Amino acid sequence: MRDGDAHGAEEPASEQQSSDGVAIPEPQDRAKAIPEAAVARLAVYLRVLSGFAEQEVHTVSSEELAVAAGVNSAKLRKDLSYIGSYGTRGVGYEVAVLIGQIERTLGLTQQHSVAVIGIGNLGHALANYGGFPSRGFPVAALFDLDPDLMGVPVGGIPVDHVDDIPRVCAERDVTIGAIATPAKGAQEVCDRLVQAGVRCVLNFAPVVLQVPEEVEVRKVDLAVEMQILSFHVARRSQETSESTTSEAEAEADGAAQSKTRDVNAGVNPVDGMVVRP
């Protein structure tokens with residue numbers, strides 16, 4: 001990886017060469033080699049960069065971007081090297097160019113229509129979430145089993161019956177399904193989405209879904225996330241307790257040694273007798 005921060009211009013579709021003559025793979029080939037953890041960080045970088053763009057910031061250093069994204073600059077430069085973005089010392093990344101590179105890598109150059117299945121409290125929140133359409137993921141369809149919800153608009157979109165998932169998703173070119181149903185019905189809903197040609201599923205239901213190999217599933221379990229947070233809180237509490245105990249023991253040991261020195265101060269080192277003044 002080269003030192004520095006910015007790629008001077010957008011890459012053409014064909015293979016490029018870096019300034020040191022090393023061939024840079026085409027975007028689709030680079031995407032195959034990106035670790036999943038790095039993909040998640042690229043999404044964070046994109047959010048931060050979009051914020052910079054809104055503030056009319058045109059260039060940003062790796063250190064500034066790393067701090068804003070909550071990672072170290074070495075990891076950031078490594079992540080960006082996966083998408084062919086290498087730095088130029090003293091220049092900084094061009095924000096607009098880097099946004100374009102990350103968007104192409106994440107497949108965000110095309111719009112993805114979303115279907116939400118299960119219009120309970122969570123489903124309502126997802127249907128009304130403004131962050132989806134603003135980032136290229138408009139909600140295009142809503143589904144539920146409750147007959148009282150049929151035809152009722154939520155977020156401006158009428159609710160359809162789950163039996164209509166294959167037809168409606170095909171008609172509206174849905175590419176992502178967000179499952180917010182109870183665990184019991186989640187697998188059946190997923191099967192209907194797969195039948196409709198949906199290949200990306202965001203699963204909020206507390207169940208592991210069985211899908212074909214070509215279908216990508218991301219599971220979001222808020223209870224598990226809370227348990228992970230609880231673990232970290234408990235571990236830090238334990239570390240603090242152990243540190244406090246160690247400090248107390250050290251203080252006690254120091255006091256005992258001091259007392260011993262005071263007693264020994266009056267002892268004749270030759271015969272051990274206490275010397276009286």
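Everything numeric here is computed off the predicted structure, so don't read it as measured data. Side chains included, hydrogens not; waters and symmetry mates left out as well; all remaining heavy atoms used. Throughout, residue positions are numbered sequentially from 1 according to the sequence presented.
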Has the side chain of Glu188 got a donor or acceptor atom that lies under 3.5 Å from a matching backbone atom of Gly185? no

Is the backbone of Asp160 close enough, under 3.5 Å, to the side chain of Asp164 for a donor and an acceptor to pair up by distance? no

Tightest non-hydrogen contact, residues Leu49 and Val95, listed as O-CG1, 3.6 Å

Hey, does Tyr45 have a side-chain heavy atom less than 4.5 Å from the side chain of Val71? yes

Quick test of your reading of the model: are Glu36 and Arg41 salt-bridged, counting only N-O distances below 4.0 Å? no

Sub-4.5 Å side-chain heavy-atom contact between Val217 and Val208: no

Side-chain touch Met150/His161, heavy atoms, less than 4.5 angstrom: yes

Ile102: which of Leu98, Thr105, Ile99 passes side chain to side chain contact (heavy atoms under 4.5 Å, CB included): Leu98

For the hydrophobic clusters of this structure (ILVMFWY residues joined by side-chain heavy atoms under 4.5 Å, transitively), does one cluster hold both Leu145 and Val159? no

Is any side-chain heavy atom of Ile228 less than 4.5 Å from a side-chain heavy atom of Val224? yes

For the pair Cys200 and Thr175, evaluate side-chain contact (heavy atoms from CB on, under 4.5 Å) and give the outcome as yes or no after the intermediate values. CA-CA 6 Å; Cys200 298; Thr175 54; over 6 Å; no

Under the 3.5 angstrom rule, does the side chain of His112 hit a backbone N or O of Gly107 as a donor-acceptor pair? yes

Would a 4.5 Å heavy-atom cut-off, applied to side chains only, mark Val139 and Asn128 as touching? no

Within a radius of less than 6.0 Å around CD of Glu214, do more than 12 heavy atoms belonging to other residues, nucleotides or ligands occur? yes

Lys75 NZ: over 12 foreign heavy atoms closer than 6.0 Å: no

State whether the side chain of Ser237 and the backbone N or O of Val233 hold a donor-acceptor pair below 3.5 Å, judged by distance alone. no

Taking the side chain from Asn121 and the backbone from Ala125, do they hold a donor-acceptor pair closer than 3.5 Å? no

Would you say Gln187 and Asp191 are linked by a side-chain donor-acceptor pair, where the criterion is simply a distance under 3.5 Å? yes

Tyr93 vs Leu76 side-chain heavy atoms within contact, under 4.5 Å: yes

Ignoring hydrogens and angles, tell me if any N or O in the side chain of Asp144 forms a donor-acceptor pair with the backbone of Ile119 under 3.5 Å. yes

Could you report the tightest heavy-atom contact between Pro182 and Ala205, atom names first, then the distance? O-CB, 4.3 Å

What I want to check is whether the side chains of Ser113 and Arg172 have a donor and an acceptor closer together than 3.5 Å. no

Mind checking whether Leu80 and Leu42 have side chains closer than 4.5 Å, heavy atoms only? yes

Side-chain donor or acceptor of Lys219 paired with backbone N/O of Leu209 under 3.5 Å: no

Are any non-hydrogen side-chain atoms of Phe137 and Ile176 less than 4.5 angstrom apart? yes

If hydrophobic clusters are built from ILVMFWY residues whose side chains come within less than 4.5 Å, do Ile179 and Val168 share one? yes

